[in-house]
Amino acid sequence: MTEAHPSARSVAVGGDRPYAITIGPGLLDDGALLAAPVRGNAAMIVSDRNVAPLYAQRVADALRAARPGLHVHTHVLPAGEAAKTLAHFTEVVNALADARLRRDATLFALGGGVIGDLAGFAAACWMRGIDCVQLPTTLLAMVDSSVGGKTAVDLPQGKNLVGAFHPPRAVIADTGALRTLPARELRAGLAEVVKYGALGDAAFLDWLDDNADALLAMDDAALAEAIARSCAHKAAIVERDPFEHGERALLNLGHTFGHAIETEQGYDGLNHGEAVAVGMVLAARLSEALGFAKTEDGDRLRALLQRFGLPVALPPGLDPGRLVAHMRLDKKAQAGGLRFVVWDGIGRARVLADVPESAVIEVLRAG
Ligand code: NAD
Ligand code: GLY
């Protein structure tokens, strides 16, 4: 909770560089909360062309009201995954240079996961690292990408291939911003919410089943609960394994398939959450094909994702051989061969190395 927003929730992320995730309506107007992590006298808001007209001025006004004399710059990028490029990263770094921002400046990443990842990467690199505050405005960014410090841009060869770990100084999730989010993007965020249930929390999956209608209707209390529970799951994992040497890899459930789909579609087909939804179903089917998972578990996961209006099968026309070629460059692949997070049922995801390509091709053909 904050002084101005007593109903806000807070989730703590511990570790070497601890920070708080604050969740609640109206937080983008809470100047004291926004300005609390700011050390110097300059800040830059990086946002995209959909989000900036809705929220950037509000954030700038709130910051200036709380910290008179703070120089607040704004830089706006095109929206969408296709903009998560080295070229746009360079554009942001040039904007930081033009604004003469120094090491004590703060970058505010205002937008979905694309802005969070790209602007976070610029913050990680500018002068070898300046403070970044994540202001997620999509459900996906609130439950996943704004937390944990992974930042990156895509290459045509693959997703998130150039990046850095750079934990934010704070995450401030204004749930009121979800009011303007297109329905398709809300559903995409629900895919990552389902992921946390699938990874280890049967009670959370039951809760999602019971509250699916409320979530799809954007019920404030249901959304706040889903965000807080998801953030608590992610915080616990990244606290124990910030650099993905072990269990953090489980958060990539569905992502080897999903990233291959996104790359093959030139970042202009399924969005990230949709691709992860298909990927989680395929990860369950792969486990089943290898003799580990029960069909009914995969069916339940599939049914819940479908209830949230998410795709659960490979889009037509994608060539399994080309998808496998993308998987070979996935960050989870190692010299020995393909590695997958397979899903053997609720709470039973694990990393499986040296998965035979023939089994993956079979699952892709069937899926
Ligand atoms: P996104 O950032 O492209 O946002 C989706 C769309 O919604 C965009 O068009 C955006 O302009 C618009 N939008 C955002 N907020 C809005 C609002 N409040 N009102 C109206 N429109 C709004 O996509 P995303 O789904 O948020 O993020 C996906 C990205 O996140 C992918 O690049 C993925 O790789 C990355 N990701 C990173 C991590 C991580 O740990 N760093 C985790 C998961 C996903
Ligand atoms: N979204 C995967 C991770 O943060 O590790």
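Note that ligands are numbered from 1 as they come in the structure, with each ligand's atoms numbered from 1 the same way. All residue numbers refer to positions in the sequence shown, counting from 1.
- The protein non-hydrogen atom at the shortest distance from atom 3 (C) of ligand 2 is Lys150 NZ, 3.3 Å.
- A cation-pi arrangement is found for Arg229 relative to Trp207, the charged atom lying closer than 6.0 Å to the ring centre and inside a 45° cone about the ring normal.
- Pro168 has its side chain out of reach of Val133: every pair of non-hydrogen atoms, C-beta onward, lies at least 4.5 Å apart.
- Between His272 and His255, the gap from one ring centroid to the other is short of 6.0 Å.
- Under 4.0 Å is where a charged nitrogen must lie from a carboxylate oxygen, and between Asp319 and Arg365 no such pair does.
- Distances between N or O atoms of His255 and those of ligand 2 include no value under 3.5 Å.
- Exactly one residue among Leu270, Asn271, Asp117, Val114 makes a side chain to side chain contact (heavy atoms under 4.5 Å, CB included) with Glu81. That residue is Val114.
- Side-chain contact, Glu288 with Thr295: a donor N or O sits under 3.5 Å from an acceptor N or O.
- Here Asp144 has side-chain heavy atoms under 4.0 Å from ligand 2, and that is the only part of it that gets that close.
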- Task: Check step by step if side chain to side chain donor-acceptor pair (under 3.5 Å) holds for Asn160 and Lys150.
- Result: CA-CA 9 Å; Asn160 297 335; Lys150 277 189 183 175; over 6 Å; no
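- Near Asn252, the atoms of ligand 2 lying under 4.0 angstrom from a non-hydrogen atom of the residue are 2 (C).
- Taking the centre and axis of the six-membered ring of Phe340, the NZ or CZ atom of Arg350 falls outside the cone set by 45° and 6.0 Å.
- Contacts of ligand 1 (protein heavy-atom distance under 4.0 Å) are Asp48, Asn50, Val51, Leu54, Tyr55, Ala79, Gly80, Glu81, Lys84, Gly112, Gly113, Val114, Asp117, Thr137, Thr138, Leu140, Asp144, Ser145, Lys150, Lys159, Asn160, Ala177, Thr180, Leu181, Pro182, Glu185, Glu192, Lys234, His272.
- Considering only non-hydrogen protein atoms, atom 4 (O) of ligand 2 sits nearest to Lys234 NZ, 2.6 Å.
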